[in-house]
**Q** 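Quick one: this structure, given as structure tokens, is what I'll be asking you about.
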Amino acid sequence: MKKIALFALPLGLFALVSVFLLSGLFSDPRERQSTLIGQPVPDFNLPDVMDDNVRYGPEVFAGKVTLLNVWGTWCVTCAVELPYLTELRQQGVRIVGLYYEADMDPDFGGKSLTAMRQDIRQTLGRLGNPYQFNIFDEKRQYSLDLGVTGAPETFLIDKQGVVRLHHIGDVNERVWQNQIQPLYQELQQQ
């Protein structure tokens, strides 16, 4: 009996580890469920990326269905999605940017605020500006509060300021039509 237990225990552990690893191989990280779905957006008080005197809080989402798009000029995929997001804005979709600059962190680059703002103006002038305004998340704390793992990521927020969808990756026509637009339209009618 002890010999069977000596083989069964390691075999059982091996089977559990194998199942865990295989499930990771076949999972889609974009389908990761955010813990914020169905929750109000976390509280914040952050400046506009272009004007330190303008500050924003969760009230900016009240009464309007909004896409909150996390982005940066350093992000190649963000540059790819900017023209499509600009098309959505032209169709009446409200999009707010949450900008964070990786190069302002002394550990990564030490970019100045002036250089960052000039870079933003040039990027949005060249690729399109889909944003009503851009919230500046200098310390990336708010991005952490939202559970952001990188850029771009987009949150669909309803008229009560509740997060309804969290999309990891770029928003393109396929993602918009299949994943975001149906819920966006439903929320618009509420």
**Q** Flag the pair H166 / I37 as yes when at least one side-chain heavy-atom distance between them is below 4.5 Å, and no otherwise.
**A** yes
**Q** Would W71 and N134 count as a side chain to side chain donor-acceptor pair (under 3.5 Å) if you check the C-alpha gap in whole Å, the side-chain angles of each, and the deciding distance to 0.1 Å?
**A** CA-CA 10 Å; W71 76 290; N134 264 290; 2.7 Å; yes
**Q** Donor-acceptor check, side chain of R89 to backbone of N129, threshold 3.5 angstrom: yes or no?
**A**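 Checked: pair present.
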**Q** Keeping R164 on the side-chain end and L156 on the backbone end, is there a donor-acceptor pair under 3.5 Å?
**A**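 Between the backbone of L156 and the side chain of R164 there is no qualifying donor-acceptor contact (under 3.5 Å).
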**Q** Using the rule given for side chain to side chain contact (heavy atoms under 4.5 Å, CB included), can you reason through V93 versus W176, listing the C-alpha separation, both sets of side-chain angles and the distance that settles it, and then say yes or no?
**A** CA-CA 11 Å; V93 176; W176 172 252; 3.9 Å; yes
**Q** Mind checking whether V49 and L144 sit in one hydrophobic cluster, side chains of I, L, V, M, F, W, Y counted as touching below 4.5 Å?
**A** no
**Q** For Y142 and D145, run side chain to side chain contact (heavy atoms under 4.5 Å, CB included): C-alpha distance rounded to whole Å, both residues' side-chain angles, the deciding distance at 0.1 Å, then the answer.
**A** CA-CA 5 Å; Y142 195 61; D145 291 346; 4.1 Å; yes
**Q** Please tell me if the side chains of Y56 and V96 come closer than 4.5 Å, counting only heavy atoms from C-beta onward.
**A** no
**Q** Say whether, by atom type as modelled, one donor and one acceptor occur between the side chain of W74 and the main chain of Y100 under 3.5 angstrom.
**A**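 Yes, the answer is positive, given that a donor and an acceptor are paired below the 3.5 Å cut-off.
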**Q** Do you know the tightest heavy-atom contact between K159 and Q188?
**A**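 What the structure gives for the nearest pair is NZ-O, 2.9 Å.
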**Q** Is there side-chain contact between R121 and M50, with at least one heavy-atom pair below 4.5 Å?
**A**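 Side chain of R121 against side chain of M50, heavy atoms only: contact under 4.5 Å found.
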**Q** Kindly say whether D158 contributes a backbone atom to a donor-acceptor pair with the side chain of Q160 at under 3.5 angstrom?
**A** no
**Q** A side-chain contact here means heavy atoms from C-beta on lying under 4.5 Å apart; do M116 and F136 qualify?
**A**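 Yes, close enough: below the 4.5 Å cut-off.
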**Q** Where is the tightest heavy-atom contact between A79 and P83, given as atom of each residue plus distance?
**A**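 Taking every non-hydrogen atom into account, O-CD, 3.4 Å.
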**Q** Quick one, V175 with D170, criterion side chain to side chain contact (heavy atoms under 4.5 Å, CB included). Give me CA distance, side-chain angles, the key distance, then yes/no.
**A** CA-CA 8 Å; V175 168; D170 65 313; 5.7 Å; no
**Q** Should D137 and F44 count as side-chain neighbours, where that means a heavy-atom distance under 4.5 Å?
**A** no
**Q** How close do G147 and E153 get, heavy atom to heavy atom, and via which atoms?
**A** O-OE1, 4.2 Å
**Q** With a sphere of 6.0 Å drawn around NZ of K139, does it hold more than 12 non-hydrogen atoms of other residues, nucleotides or ligands?
**A** no
**Q** Considering only heavy atoms from C-beta outward, does the side chain of F155 approach that of V41 to under 4.5 Å?
**A**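 A side-chain contact is absent here, since even the closest heavy-atom pair is not under 4.5 Å.
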**Q** Given side chains that start at C-beta, do those of V60 and T66 come closer than 4.5 Å, heavy atoms only?
**A** no
**Q** Under a 4.5 Å side-chain heavy-atom rule over Ile, Leu, Val, Met, Phe, Trp and Tyr, are I180 and V162 clustered together?
**A**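 Cluster IDs for I180 and V162 differ.
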**Q** In sequence, state the C-alpha distance, the side-chain angles, and the governing distance for L146 and L68, and then conclude on side chain to side chain contact (heavy atoms under 4.5 Å, CB included).
**A** CA-CA 11 Å; L146 290 169; L68 177 64; 3.9 Å; yes
**Q** So which atom in F61 and which in R94 form the shortest heavy-atom distance, rounded to 0.1 Å?
**A** CA-NH1, 4.4 Å
**Q** Are any of the side-chain heavy atoms of V171 and L85 separated by less than 4.5 Å?
**A** yes
**Q** Where is the tightest heavy-atom contact between E81 and G169, given as atom of each residue plus distance?
**A** OE1-O, 4.2 Å
**Q** Side-chain heavy atoms under 4.5 angstrom apart, residues restricted to Ile, Leu, Val, Met, Phe, Trp, Tyr: same cluster for V80 and I168?
**A** no
